[in-house]
Amino acid sequence: MEDNAADAATVPRTVNALQDRDIKFLTKAIEEAYKAVECGDGRPFGAVVVRNGVVVVSCHNMVLRKSDPTAHAEINAIREACKKLNQIYLADCEIYASCEPCPMCLGAIKLSKIKRLVYGAKAEAAVAIGFDPSNANAPNQKSELEIKKADGAIALMAEQVFEKTKGKFLMP
């Protein structure tokens with residue numbers, strides 16, 4: 001009985017510690033979001049990659065500075081963390097984002113194998129002030145992007161790349 005009581009007493013402290021940790025790193029991501037605008041680098045988005053409770057990198061949106069529509073805070077953070085840690089995958093890391101990631105960033109987070117994502121604002125908060133809803137996870141939004149799958153010989157050539165190179169690289 002005493003062991004169960006001790007375990008029960010530990011649970012709230014663990015939950016509170018995790019909440020405090022999340023608040024600490026989300027605060028840093030939010031600070032980066034403000035920095036993006038204040039510096040004129042980009043839009044109000046920030047991201048922090050953390051490993052073992054330590055900040056690996058802290059980044060913000062750099063779309064304007066780099067004239068690069070992919071220079072979102074999360075993408076910048078993933079790129080810098082991989083470079084700093086000299087590894088492709090960040091499976092032992094977490095990412096904190098000031099806002100719910102767009103589909104591109106969410107895809108990059110998944111591809112990098114980050115184990116945990118914590119975000120602050122919902123994407124709708126950004127959409128509400130004028131950000132393009134097609135960049136958010138907003139349902140039923142029309143896009144003006146035409147998507148066409150090639151066919152015929154060129155499609156076959158593109159598919160053969162995988163078969164012809166499969167032994168030349170390692171998959172995780």
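Bear in mind the structure is a predicted one, so any value in this text is a computation, not a measurement.
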(message) As an exercise, state the distance from CD of Q87 to SG of C93, rounded to the nearest 0.5 Å.
(response) 6.0 Å
(request) Determine the minimum heavy-atom distance between T165 and V161, stating which atoms define it. (result) OG1-O, 2.8 Å
(request) State, to 0.1 Å, how close I109 and P101 come at their nearest heavy-atom pair, and which atoms those are. (result) CD1-CG, 3.9 Å
(message) If hydrophobic clusters are built from ILVMFWY residues whose side chains come within less than 4.5 Å, do I114 and L106 share one?
(response) yes
(request) Keeping to residues at least two apart or across chains, list the ring pair (Phe, Tyr, Trp, His ring centres under 6.0 Å) pairs with something in residues 24-48. (result) F25-Y96, F45-F131
(message) Looking at every non-hydrogen atom in both residues, tell me the closest pair between I23 and T27 and how far apart they are.
(response) O-OG1, 2.6 Å
(message) Within this structure, what is the CG-OH distance for the pair L111 and Y89, rounded to the nearest 0.5 Å?
(response) 8.0 Å
Donor-acceptor list for residues 36-43 side chains, cut-off 3.5 Å, not counting sequence neighbours:
unit_1 : atom_1 : unit_2 : atom_2 : d
D41    : OD1    : R65    : NE     : 2.5
D41    : OD1    : R65    : NH2    : 3.0
D41    : OD2    : H60    : NE2    : 2.7

(message) If you define the side chain from C-beta out and look only at heavy atoms, does anything of I95 sit under 4.5 Å from S112?
(response) no
(message) Rounded at 0.5 Å granularity, tell me how far OH in Y119 sits from SG in C99.
(response) 8.5 Å
(request) Could you tell me which non-hydrogen atom of L26 sits nearest to which non-hydrogen atom of G120, and how far apart they are? (result) CD2-N, 3.7 Å
(message) The test is side chain to side chain contact (heavy atoms under 4.5 Å, CB included); show your working for L85 and L90 and say whether it passes.
(response) CA-CA 9 Å; L85 298 172; L90 301 172; 3.9 Å; yes
(request) Please check if the side chain of K84 supplies one atom and the backbone of V56 the other of a donor-acceptor pair under 3.5 Å. (result) yes
(message) For a 4.5 angstrom cut-off between non-hydrogen side-chain atoms, does V63 reach D68?
(response) no
(request) Could you list the residues that satisfy side chain to side chain contact (heavy atoms under 4.5 Å, CB included) with E163, not counting sequence neighbours? (result) K166
(request) Sorted by first residue and then second, give each salt bridge (Lys or Arg N to Asp or Glu O under 4.0 Å) pair with at least one member in residues 87-99; sequence neighbours left out. (result) R21-E94, R51-D92, E94-R116
(request) Please check if atom NZ in K115 has more than 12 non-hydrogen atoms from other residues, nucleotides or ligands closer than 6.0 Å. (result) yes
(message) Give me the atom names and distance for the closest heavy-atom approach of S58 to V48.
(response) OG-CG2, 3.7 Å
(message) Please find the pair of heavy atoms, one from E32 and one from G46, that lie closest to each other, and give the distance.
(response) CB-CA, 3.8 Å
(request) Run the numbers on H72 and M62 for side chain to side chain contact (heavy atoms under 4.5 Å, CB included), then give the verdict. (result) CA-CA 6 Å; H72 291 198; M62 300 275 292; over 6 Å; no
(message) Are I78 and C82 packed together at the side-chain level, in the sense that at least one heavy-atom pair is separated by less than 4.5 angstrom?
(response) yes
(request) For R79, enumerate each residue passing the salt bridge (Lys or Arg N to Asp or Glu O under 4.0 Å) test, keeping only those at least two apart in sequence or located in another chain. (result) none
(request) Please round to the nearest 0.5 Å and tell me the distance separating atom CG of N61 and atom CG of N76. (result) 7.0 Å
(message) Suppose we screen for side chain to side chain contact (heavy atoms under 4.5 Å, CB included). Which residues come up paired with K24, at least two apart in sequence or across chains?
(response) none
(message) For the CD1 atom of I75 and the SG atom of C59, what is their distance to the nearest 0.5 Å?
(response) 11.0 Å
